[in-house]
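These values consider heavy atoms only, across backbone and side chains, with no hydrogens, waters or symmetry-generated copies.
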Amino acid sequence: MQRRHFFKTAAAAAAFTGLSAQFGSAPLSAREALHPGKEGAPYPDHGDAPVEHLSTYFPDYADKNLWVRKDNQVLTVYRTDPNQKYPYLYPLIGPASRVSVTAESAQPWPHHRSVFLGVDRLNGGNYWQSGNRDGQVVSTDPKLLRAEKTQVEWSDVCLWRKPQQDPIVRDTRRYLIDWRCDDYYILDAFFHFEALTDLRIEKTNHGFFGVRVENDLAPICGGHVVSDGGIEGEANLFGKPAKWVAFYGQRRFNPEITEGVAVLCPPAPWPNCPWFVRDYGNISPMPFNFVDEGFRYKKGETMDAVYRTVVFTGTPADVDLSGLWNEIYK
């Protein structure tokens, strides 16, 4: 059979069967056979209103990625492949556009991957960029905790280590997605860190929790970056404390839609933490670039940090970001 005739036949067969396993009209046994995994808050049956429904898919096989959907469209994926540098979330879908507000491996620094966490210059290793041989944050125990119509929560235990070496950090993390309304939703990330040996973090501009946004939200491509004090632009925000910093802009493929993403700075473990801000689209509340002597932690010491990220439609003025800061940090 010629190639084009094969595809015509395959398309006709697909149209006849409806590819129905994913959408619920096939028998349950067929869906389980095609998609082995754990599900919570499943997409409603045909005829039910899908508004404000979240659903999850957490496969039992090797990659262990957790897929979160809104109205049966991908909202985000928690990515844990053992060959990655670190676990991260991508995409993070805009509420109105259903296009990601965060970027995956974007230039000029492709080691920034959407919503991520790592540290450069830690005990002579690199847990942020370069190859895995220099250091890797490895997911070991991802678990779906609950999945409801408007909230999804999961956890993981990650080990920071070089190949064939003992880990130097254990982090226990928990993520919560809360779809508040069609104008915005929240991603809360809770981290508990334990030093498994004495640690030294040297001064570095690559550190800790960060978000890399899509180009259309970044100032270099016509977007905006602003803090809770109304201060705008990398030159004015870099190294300064703020409760939150947000990128926003018109969406490239639909300029009638404006969307943004904000990161809220926790008051602990570093009060008045300065911001690392770049006009190309990276934001991170972190002190490591601004303390010459670096940081030291003794074996057995622990540290906790909570980061709130808000994805919204419109501009920061359309969302009470300071109120959402008070909600979680006061």
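- With values rounded to the nearest 0.5 angstrom, D216 atom CG is found 11.0 Å from I220 atom CD1.
- By the rule that hydrophobic residues join a cluster once side-chain heavy atoms approach within less than 4.5 Å of another member, Y297 and Y127 end up as members of one cluster.
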Starting from the C-alpha separation in whole Å, work towards a yes-or-no answer on side chain to side chain contact (heavy atoms under 4.5 Å, CB included) for Q129 and H206. CA-CA 8 Å; Q129 58 178 341; H206 290 104; 3.3 Å; yes
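- Aromatic pair W275/F290: centroids not less than 6.0 angstrom apart.
- Counting non-hydrogen atoms of neighbouring residues, nucleotides and ligands closer than 6.0 angstrom, the CD atom of Q165 exceeds 12 such neighbours.
- Cluster membership for V306 and W325, using ILVMFWY side-chain heavy atoms within less than 4.5 angstrom, is shared.
- To the nearest 0.5 Å, atoms CG (L159) and CG (L196) are separated by 7.5 Å.
- Around the CZ atom of R200, the shell of radius 6.0 Å holds more than 12 heavy atoms that belong to other residues, nucleotides or ligands.
- In this structure, R170 contributes its side chain and A195 its backbone to no donor-acceptor pair below 3.5 Å.
- From R212, atom CZ reaches atom CG of L92 across 15.0 Å, with rounding to the nearest 0.5 Å.
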Apply the test side chain to side chain donor-acceptor pair (under 3.5 Å) to residues S322 and W244: give CA-CA distance (whole Å), side-chain angles for both, the deciding distance (0.1 Å), then the verdict. CA-CA 8 Å; S322 293; W244 54 262; 3.2 Å; yes
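- No continuous path of ILVMFWY side-chain contacts below 4.5 Å connects I177 to L324, so the two sit in separate hydrophobic clusters.
- Among all heavy-atom pairs drawn from V261 and F312, the shortest one is N-CE2, 3.6 Å.
- Here the rule is ring pair (Phe, Tyr, Trp, His ring centres under 6.0 Å) with W128, and of Y86, F116, F208 only F116 fits it.
- D318 places no side-chain N or O within 3.5 Å of a backbone atom of G314 that could act as its donor or acceptor partner.
- The side-chain heavy atoms of L54 and L75, taken from C-beta on, include a pair separated by under 4.5 Å.
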Pair V77-L89, side chain to side chain contact (heavy atoms under 4.5 Å, CB included): steps then yes or no: CA-CA 5 Å; V77 183; L89 287 91; over 6 Å; no
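- With D81 contributing its side chain and N83 its backbone, the two residues share a donor-acceptor pair below 3.5 Å.
- A salt bridge links D71 to R98: at least one charged side-chain nitrogen sits closer than 4.0 Å to a carboxylate oxygen.
- No side-chain heavy atom of L264 sits under 4.5 Å from any side-chain heavy atom of K243.
- The shortest non-hydrogen separation linking A242 to C265 is O-CB, 3.4 Å.
- For V211 against N282, the heavy-atom pair with the smallest separation is O-OD1, 3.3 Å.
- Of all non-hydrogen atoms in S139 and P142, the two that sit nearest each other are OG-CD, 3.6 Å.
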Verdict with supporting geometry, S114 and E104, side chain to side chain contact (heavy atoms under 4.5 Å, CB included): CA-CA 5 Å; S114 190; E104 161 68 285; 5.6 Å; no
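- Separation of atoms OG1 (T204) and CG (D120) is listed at 4.0 Å; rounding is to 0.5 Å.
- Residues C158 and V138 have side chains not in contact (no heavy-atom distance under 4.5 Å, counting atoms from C-beta outward).
- Aromatic rings from W179 and Y185 are positioned such that their centres are separated by under 6.0 Å.
- Of the inter-residue distances, the one linking E153 atom CD with L176 atom CG reads 5.0 Å to the nearest 0.5 angstrom.
- Using a cutoff of 4.0 Å between basic side-chain nitrogens and carboxylate oxygens, R173 and D156 are not scored as salt-bridged.
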Before you tell me yes or no, could you show the steps for T302 and H192 under side chain to side chain contact (heavy atoms under 4.5 Å, CB included), namely the whole-Å CA-CA distance, both residues' side-chain angles and the distance that decides it to 0.1 Å? CA-CA 7 Å; T302 62; H192 176 76; 3.7 Å; yes
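- Considering only heavy atoms from C-beta on, N65 stays 4.5 Å or farther from Y78 through its side chain.
- V74 and I186 are not part of a single hydrophobic cluster, where members link through side-chain heavy atoms under 4.5 Å apart.
- The OG1 atom of T150 lies 9.5 Å from the NZ atom of K70; values are rounded to the nearest 0.5 Å.
- Contact annotation: the side chain of D171 never approaches that of V157 to less than 4.5 Å [non-hydrogen atoms, C-beta and beyond].
- With T76 as reference, V68 is the one residue of T102, V68, I93, V152 to meet the side chain to side chain contact (heavy atoms under 4.5 Å, CB included) rule.
- Contact annotation: the side chain of L321 never approaches that of D228 to less than 4.5 Å [non-hydrogen atoms, C-beta and beyond].
- Contact annotation: the side chain of Y248 approaches that of P316 to within less than 4.5 Å [non-hydrogen atoms, C-beta and beyond].
- Using bins of under 30°, 30° to 60° and over 60° for the plane-to-plane angle, the ring pair F193/W160 lands in the perpendicular bin.
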Does Y280 form a side chain to side chain donor-acceptor pair (under 3.5 Å) with E234? I'd like the steps, not just the answer. CA-CA 9 Å; Y280 61 72; E234 174 186 328; over 6 Å; no
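- Taking a cutoff of 4.0 Å between a charged side-chain nitrogen and a carboxylate oxygen, D198 and K299 do not qualify as a salt bridge.
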Show your reasoning for whether salt bridge (Lys or Arg N to Asp or Glu O under 4.0 Å) applies to R251 and E214. CA-CA 9 Å; R251 301 317 311 263; E214 276 289 4; 5.9 Å; no
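- Counting heavy atoms from C-beta outward, R161 and V137 have side chains that stay 4.5 Å or more apart.
- R252 and E259 are not joined by a salt bridge, as no carboxylate oxygen comes within less than 4.0 angstrom of a charged side-chain nitrogen.
- More than 12 heavy-atom neighbours from other residues, nucleotides or ligands sit within 6.0 angstrom of CZ on R146.
- Taking each heavy atom of V213 and F247 in turn, the nearest pair found is CG1-CD1, 3.7 Å.
- The backbone N or O of G300 lies less than 3.5 Å from no partner atom in the side chain of E194, so there is not a single donor-acceptor pair.
- Nearest approach of I201 to L122, heavy atoms of both residues: CG1-CD1, 3.6 Å.
- Note on F58: it clusters hydrophobically with Y88, by side-chain heavy-atom contacts below 4.5 Å among ILVMFWY residues.
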